[in-house]
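Down below is the structure, laid out as structure tokens.
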Amino acid sequence: MTDSKGELTKGGGLEDDVPSDVPAGGPLVEVRDVNKHFGELHVLRDVNLTVERGEVVVVIGPSGSGKSTLCRSINRLEPIDSGSILVDGKPLPQEGRELARLRADVGMVFQSFNLFAHKTILENVTLGPVKVRRERKEEAEKYALELLDRVGIANQAQKYPAQLSGGQQQRAAIARSLAMRPKVMLFDEPTSALDPEMINEVLDVMTGLARDGMTMIVVTHEMGFARRAAQKVVFMADGQIVESNTPEEFFTNPESDRAKDFLSKIITH
Ligand SMILES: Nc1ncnc2c1ncn2[C@@H]1O[C@H](COP(=O)(O)OP(=O)(O)OP(=O)(O)O)[C@@H](O)[C@H]1O
Ligand SMILES: [Mg+2]
């Protein structure tokens, strides 16, 4: 952890003389040699992952392999023990205002939608922009309505979360993240709590985002989405990235026994 700052100021390689606060043209997310433990449990083991601008990376792997922990580390919801994580060329901030800015830059959508139950959908979407980004209410509402339209629920703006279907709530959660104008979006099994008929409406929104050039890290077992939208599939097992390949190669030609075994299980059920 302590060397992450040193690494950045040194720059390294081609960017030696580029000041660290100038947005680099390099990768948007870099996870370097990251390790994390929960007590005795070594949940991330020397994880390395590079996500380019506009790239969509699908993370797949068995339960307990560390997928959520990896996502949460990138958003700094979980601290790491060693290694470094850079977003847009900068190491993750520890706390305070910088951390709030990071959370705005790195949007996150969870399996459970985490909407505020006592606020309308529109209020849910405008809250962050007004409180954190200090946008004017009218401006935030205008953009929120555009986003709600984009995810297909503009007509639900005045309702409360409990009045929406699961798929609609998840699309509201996506709009809420987008309202912060993030540089990258993390999705942790966004469709796994949804009834089958609602899964596609959420995946369609995500596919649209991918087409529009959003950089995305998506934990999902939805292979159709991976094939349609992702440039890269990363397979995790036991806290390690075991394989990283194009969706086509990964799904038709997995290299490791772990991946073959895993795929045989998700295809057949
Ligand atoms: N807060 C925590 N405290 C202790 N152990 C944890 C904590 N969070 C996760 N773990 C453990 O870390 C390991 C990795 O968990 P993680 O949630 O990242 O896996 P995952 O790949 O997302 O699994 P799933 O597919 O079930 O969501 C698991 O063994 C889990 O039990
Ligand atoms: Mg998980």
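What you see is a predicted model, and the numbers here were worked out from it, not measured in a lab. These values consider heavy atoms only, across backbone and side chains, with no hydrogens, waters or symmetry-generated copies. In each ligand, atom 1 is the first atom listed, and ligand 1 is the first ligand listed.
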Q. Say you draw a straight line from OG1 of T69 to CZ of F38; how long is it, rounded to the nearest 0.5 Å?
A. 4.5 Å
Q: State whether R150 and E146 are salt-bridged, where the test is any N-O pair (Lys NZ or Arg NE/NH1/NH2 against Asp/Glu carboxylate O) under 4.0 Å.
A: no
Q: Enumerate the protein residues lying less than 4.0 Å from ligand 1, judged by heavy-atom distances, in chain and residue-number order.
A: F38, L41, V43, P62, S63, G64, S65, G66, K67, S68, T69, E189
Q. Any side-chain donor paired with an acceptor under 3.5 Å for E243 and S256?
A. yes
Q. What pairs with D188 under side chain to side chain donor-acceptor pair (under 3.5 Å), at least two apart in sequence or on another chain?
A. S68
Q) Is there a donor-acceptor contact under 3.5 Å from the side chain of N35 to the main chain of S82? A) no
Q | Under 2.8 Å from the Mg ion (ligand 2), the protein N, O or S atoms, given as residue and atom | A | S68 OG
**Q.** Cation-pi geometry met for K260 and F262 (6.0 Å, 45°)
**A.** no
(Q) Give me each pair satisfying side-chain hydrogen bond (donor to acceptor under 3.5 Å, both in side chains) with a member in residues 171-180, each pair once, sequence neighbours excluded. (A) R171-E201
Q | Within 45° cone and under 6.0 Å: R72 NZ/CZ vs F110 ring | A | no
Q.
Would you say CZ of R181 has more than 12 non-hydrogen atoms from neighbouring residues, nucleotides or ligands within 6.0 angstrom?
A. yes
